A.B. asks: 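Below is the structure I would like to discuss, written out as structure tokens.
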Amino acid sequence: MVDVEGIEIAIPLMVLTGISVWDQETLVIPTQPDWHLGVVQHRDDNVVIVDTARLIMPEKMHEMVDERRTNHAGHFLIINDRWGLSCNAIKETIELYPEQVKWRPLRPTRPWAIGTLIDRLCVLLDTEALMQEIEPD
């Protein structure tokens, strides 16, 4: 469970290759989309920091990209050793069973929202679908 701008989101632990505190400056690459906050060095890899909030709830994001880069979230979740999803805080790890999720079989909008955790009323993130939005075939 993570916090993204005050919204609780569930991300399957098995899709993560790491979790890191975001305590370093990013290398900003010109002409990148608004969700691209820059690149950081993590271990021996260059990780692109993704503005998770801007991707999943763009309608709530009123800060300019430069402000988001300066006043960035506190952590990032590493996926495929290449992408870092920004989040404000790591909340907790929970065990989750399929019957605890209201699954979305059809996802014409927000394809990254695979379901809702019934007890917590928060979204379960499909990181593969989110990465498809970032890197379409």
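All values reported here derive from a predicted model rather than from experimental measurement. Throughout, residue positions are numbered sequentially from 1 according to the sequence presented.
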A.B. asks: Between CE of M64 and CG of D34, what distance do you get to the nearest 0.5 Å?
C.D. replies: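 Output value for this atom pair is 7.5 Å.
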
A.B. asks: If you round to the nearest 0.5 Å, how far is CG of L13 from CG of L96?
C.D. replies: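 Rounded to the nearest 0.5 Å, the CG-CG separation comes to 11.5 Å.
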
A.B. asks: Under a 4.5 Å cut-off applied to non-hydrogen side-chain atoms, are I11 and V2 in contact?
C.D. replies: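 The answer is yes, as the side chains (C-beta and beyond) meet within the 4.5 Å cut-off.
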
A.B. asks: Nearest 0.5 Å, what's the CG-NZ distance between D3 and K91?
C.D. replies: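 The CG atom of D3 sits 6.0 Å away from the NZ atom of K91.
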
A.B. asks: Which atoms form the tightest heavy-atom contact between V123 and A113, and what is the distance?
C.D. replies: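 Where V123 meets A113 most closely, the heavy atoms are CG2-CB, 3.4 Å.
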
A.B. asks: Are W83 and V15 connected into the same hydrophobic cluster when the rule is that any two of I, L, V, M, F, W, Y join if their side-chain heavy atoms are below 4.5 Å apart?
C.D. replies: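 Yes, one cluster joins them.
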
A.B. asks: Which pairs pass side-chain hydrogen bond (donor to acceptor under 3.5 Å, both in side chains) with one or both residues in residues 96-109, sequence neighbours excluded?
C.D. replies: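 Checked against side-chain hydrogen bond (donor to acceptor under 3.5 Å, both in side chains) - neighbours excluded - the pairs reaching residues 96-109 are E95-Y97, R107-D126.
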
A.B. asks: Applying the 4.5 Å side-chain criterion to the ILVMFWY set and letting contacts propagate, would V50 and M57 be lumped into a single cluster?
C.D. replies: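 Per the 4.5 Å side-chain linkage, V50 and M57 are co-clustered.
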
A.B. asks: Kindly compute the distance separating CZ (R68) from CZ (R54), expressed to the nearest 0.5 Å.
C.D. replies: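 Reported value, rounded in 0.5 Å steps: 6.0 Å.
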
A.B. asks: Go through it in stages, so that I can follow the logic: the residues are R82 and E135, the test is side chain to side chain contact (heavy atoms under 4.5 Å, CB included), and I'd like the CA-CA distance, side-chain angles, deciding distance and then a yes or no.
C.D. replies: CA-CA 12 Å; R82 180 169 177 216; E135 286 189 297; 2.5 Å; yes

A.B. asks: Determine whether I49 and W22 make a side-chain contact, defined as any pair of heavy atoms from C-beta on separated by less than 4.5 Å.
C.D. replies: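 Yes. Closest side-chain heavy atoms under 4.5 Å.
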
A.B. asks: Are more than 12 heavy atoms from other residues, nucleotides or ligands located less than 6.0 Å from atom CD of Q41?
C.D. replies: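 It does: Q41 CD has more than 12 such atoms within range.
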
A.B. asks: So does Q32 have more than 12 non-hydrogen atoms from other groups sitting under 6.0 Å from CD?
C.D. replies: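 Buried by this count: over 12 neighbours within 6.0 Å.
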
A.B. asks: How long is the span from the CE atom in M61 to the CD atom in E5, to the nearest 0.5 Å?
C.D. replies: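 Answer rounded to 0.5 Å: 5.0 Å.
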
A.B. asks: Which heavy atom of I90 sits nearest a heavy atom of C87, and at what distance?
C.D. replies: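 Minimum heavy-atom separation between I90 and C87: CD1-SG, 3.8 Å.
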
A.B. asks: Run the side chain to side chain contact (heavy atoms under 4.5 Å, CB included) test on I94 and L117 for me, step by step, so that the C-alpha distance in whole Å, both residues' side-chain angles and the decisive distance to 0.1 Å come before the verdict.
C.D. replies: CA-CA 11 Å; I94 62 170; L117 276 61; 3.9 Å; yes

A.B. asks: Would you mind reporting whether V48 and H36 have side-chain heavy atoms less than 4.5 Å apart?
C.D. replies: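 Result yes, sub-4.5 Å side-chain heavy-atom pair found.
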
A.B. asks: Same cluster for L77 and I7 if Ile/Leu/Val/Met/Phe/Trp/Tyr side chains link at under 4.5 Å?
C.D. replies: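 Yes, one cluster joins them.
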
A.B. asks: Where the side chain of T116 meets the backbone of C122, is there a donor-acceptor pair that is under 3.5 Å apart?
C.D. replies: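 Absent.
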
A.B. asks: Using atom types as modelled and distance alone, determine if a side-chain donor or acceptor of T17 lies under 3.5 Å from a backbone N or O of I78.
C.D. replies: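 Checking the backbone N and O of I78 against the side chain of T17, a donor-acceptor pair under 3.5 Å is found.
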
A.B. asks: Report yes if the side chains of I56 and W112 come closer than 4.5 Å at any heavy-atom pair, otherwise no.
C.D. replies: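 A side-chain contact exists here, since the closest heavy-atom pair is under 4.5 Å.
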
A.B. asks: With a 4.5 Å limit on heavy-atom distance, are the side chains of I9 and L124 in contact?
C.D. replies: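 Sidechains of L124 and I9: no contact.
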
A.B. asks: Can you find a pair of side-chain heavy atoms, one from F76 and one from I19, that are under 4.5 Å apart?
C.D. replies: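 Contact flag for F76/I19 side chains = no.
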
A.B. asks: Could you state whether M1 and L125 fall into the same hydrophobic cluster, counting links through intermediate Ile, Leu, Val, Met, Phe, Trp or Tyr residues with side-chain heavy atoms under 4.5 angstrom apart?
C.D. replies: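 M1 does not cluster with L125.
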
A.B. asks: V28 and L55: same hydrophobic cluster, using ILVMFWY side-chain contacts below 4.5 Å?
C.D. replies: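 Looking at the clustering, L55 is in a separate group from V28.
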
A.B. asks: Do the side chains of L85 and L130 get nearer than 4.5 Å, heavy atoms only?
C.D. replies: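 Counting from C-beta outward, L130 and L85 do come under 4.5 Å.
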
A.B. asks: Look only at the side chain of S86 and the backbone of T52, and say whether a donor-acceptor pair between them is shorter than 3.5 Å.
C.D. replies: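 Present.
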
A.B. asks: Could you tell me whether the side chain of E67 reaches within less than 4.5 Å of the side chain of H62, counting heavy atoms only?
C.D. replies: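 SC-SC contact between H62 and E67 ruled out.
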
A.B. asks: Determine the minimum heavy-atom distance between G115 and V101, stating which atoms define it.
C.D. replies: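 In this case the closest contact between G115 and V101 is CA-CG1, 4.0 Å.
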
A.B. asks: Determine whether a donor-acceptor pair (N or O, by modelled atom type, separation under 3.5 Å) exists between the side chain of W35 and the backbone of L37.
C.D. replies: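 Not at all, since once roles are kept as given, no pair shorter than 3.5 Å links the two residues.
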
